[in-house]
Amino acid sequence: MRTQVAIVGAGPAGLLLGALLHKSGIDAVIVEQRSADYVLARIRAGVLEETTVGLLEQAGCVQRLHAEGLPHDGTELAFDGRLHRVDFKALTGKRVTVYGQTEVTRDLMDARLAAGLETVYEAQEVTVHGFDGPTPEVRYRKDGAAHVLRCDFIAGCDGYHGVTRASVPASAITTFEKVYPFGWLGILADVPPARDELVYANHERGFALCSQRSRTRSRYYVQCALDDKVERWTDDAFWDELRRRLPDEVAQAVATGPSIEKSIAPLRSFVAEPMRFGRLFLAGDAAHIVPPTGAKGLNLAASDVGYLAQALCEFYRDRSEAAIDAYSTRCLSRVWKAERFSWWFTSLTHRFPDTGDFGRKMQHAELDYLVGSEAASRVLAENYVGLPMGH
Ligand SMILES: Cc1cc2nc3c(=O)[nH]c(=O)nc-3n(C[C@H](O)[C@H](O)[C@H](O)COP(=O)(O)OP(=O)(O)OC[C@H]3O[C@@H](n4cnc5c(N)ncnc54)[C@H](O)[C@@H]3O)c2cc1C
């Protein structure tokens, strides 16, 4: 089999790249190790920046997003038992859209199927070869048979544990990592959200987040110990702990119900540099991870593939390699800004085991300053709603 771009991974990065390339008349095949149902069952992000919505528009996949996505003009910060709203729209003129990663993935998969584009699901033993020369290949096994996909370029969209980054010689790559001393215990439930917008709560028992996927589906998180086990948490225990960490007016509005998903995610900051190795490009979680506090993971995956699609388009249309050469630098400039914001927002809102009472006093002083200063609120809002492409 031969294609112009072989994409490894059918998460949001791989699927969006496939859709953007198709719109530009560039042929791509996606090779994914899991089944489509498995990919769709992963409950992850839910907040989309305007840039991400713009890229989905470019890909022609926004009909359902515009009908069902919830525009949010702000968010609320809770500390000292009080709520403070940060008005994104007033401070930046921008908003975010709440629309689950699962729905983004479903829309992109449906569009791919309708256009008759090739996706190989349940590919085993996926490996990448020859990306330091002119003839890269992706090899895999499917239904017991060996396959070779020859291509001009490989896009490594296979997430943090994928094979593409691991295939780069150690001497060619530098990684930066911070592992946080806690995780997030998350619950998804078919109950209406407690508030119209997201609530980020700093509490002495630990961080809590009231998030949502729709008007009838809520996603809540509480900070938990790294070695905590999800089996230790009954739904009732979760709801009790969540309410303890929220101001009374929010706690009383929390509608409870049986969980449809419950999981613990560790928090990590990670960046691999560079993001291009000859004819292999890394994009999304394959190249970087942010703690989910700033809602940046999915949005960074989208902006990476936005730059990559543009670069590949210029290569095939104009025979220019300038944007390909600039890919890694352009992405990393944006990535490090998002890393900084996600680290800062995590540091401000979570309970750290080693910073003690002084650390908590500093968090409260900073939160007080943040909600009391229009300039400081604007900085938070600008980072949260995200930068336009090109920054
Ligand atoms: C538990 C969890 C919760 C999260 N919550 C949030 C959140 O609230 N907000 C936020 O902004 N972000 C969140 N994120 C991050 C966000 O979901 C990711 O940034 C986003 O999924 C990145 O998309 P991606 O396509 O780069 O990678 P992925 O979504 O990881 O997709 C990679 C794909 O590659 C496939 N793959 C892996 N290895 C191979 C291989 N060897 N061969 C072929 N295919 C392979 C995988 O099966 C997968 O389908 C969360 C992440 C996790 C893990």
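Each ligand, and each atom within it, is numbered from 1 in the order the structure gives. This one's a predicted model, so the numbers in the text were calculated from it and none came from an experiment. Count residues from 1 along the sequence.
- Taking a cutoff of 4.0 Å between a charged side-chain nitrogen and a carboxylate oxygen, Glu32 and Arg34 do not qualify as a salt bridge.
- Between His84 and Phe79, the ring centre distance stays below 6.0 Å.
- A 6.0 Å sphere centred on NZ of Lys361 holds no more than 12 heavy atoms belonging to other residues, nucleotides or ligands.
- Counting non-hydrogen atoms of neighbouring residues, nucleotides and ligands closer than 6.0 angstrom, the CD atom of Glu374 reaches no more than 12 such neighbours.
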Tabulating one pair per line, provide the atom names and distances (0.1 Å) for every N/O atom of ligand 1 that is less than 3.5 Å from a protein N/O atom.
| from | atom 1 | to | atom 2 | distance (Å) |
| --- | --- | --- | --- | --- |
| ligand 1 | 11 (O) | Lys296 | N | 3.4 |
| ligand 1 | 11 (O) | Gly297 | N | 3.2 |
| ligand 1 | 17 (O) | Gln101 | OE1 | 2.7 |
| ligand 1 | 19 (O) | Asp285 | OD1 | 2.7 |
| ligand 1 | 19 (O) | Asp285 | OD2 | 3.3 |
| ligand 1 | 19 (O) | Gly297 | O | 3.3 |
| ligand 1 | 19 (O) | Leu298 | N | 3.4 |
| ligand 1 | 21 (O) | Arg44 | NH1 | 3.4 |
| ligand 1 | 21 (O) | Gln101 | NE2 | 2.8 |
| ligand 1 | 25 (O) | Pro12 | N | 3.3 |
| ligand 1 | 25 (O) | Ala13 | N | 2.9 |
| ligand 1 | 26 (O) | Asp285 | N | 2.9 |
| ligand 1 | 29 (O) | Arg44 | NH1 | 3.0 |
| ligand 1 | 30 (O) | Arg44 | NH1 | 3.0 |
| ligand 1 | 38 (N) | Gln33 | NE2 | 3.4 |
| ligand 1 | 44 (N) | Gln33 | N | 3.2 |
| ligand 1 | 47 (O) | Glu32 | OE2 | 2.6 |
| ligand 1 | 47 (O) | Arg42 | NH1 | 3.3 |
| ligand 1 | 49 (O) | Glu32 | OE1 | 2.7 |
| ligand 1 | 49 (O) | Glu32 | OE2 | 3.3 |
| ligand 1 | 49 (O) | Arg42 | NH2 | 2.6 |

Steps toward side chain to side chain donor-acceptor pair (under 3.5 Å) verdict (Tyr327, Asp304)
CA-CA 8 Å; Tyr327 170 74; Asp304 285 353; 4.6 Å; no
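- The environment of Arg215 atom CZ is sparse: at most 12 non-hydrogen atoms of other residues, nucleotides or ligands sit within 6.0 angstrom.
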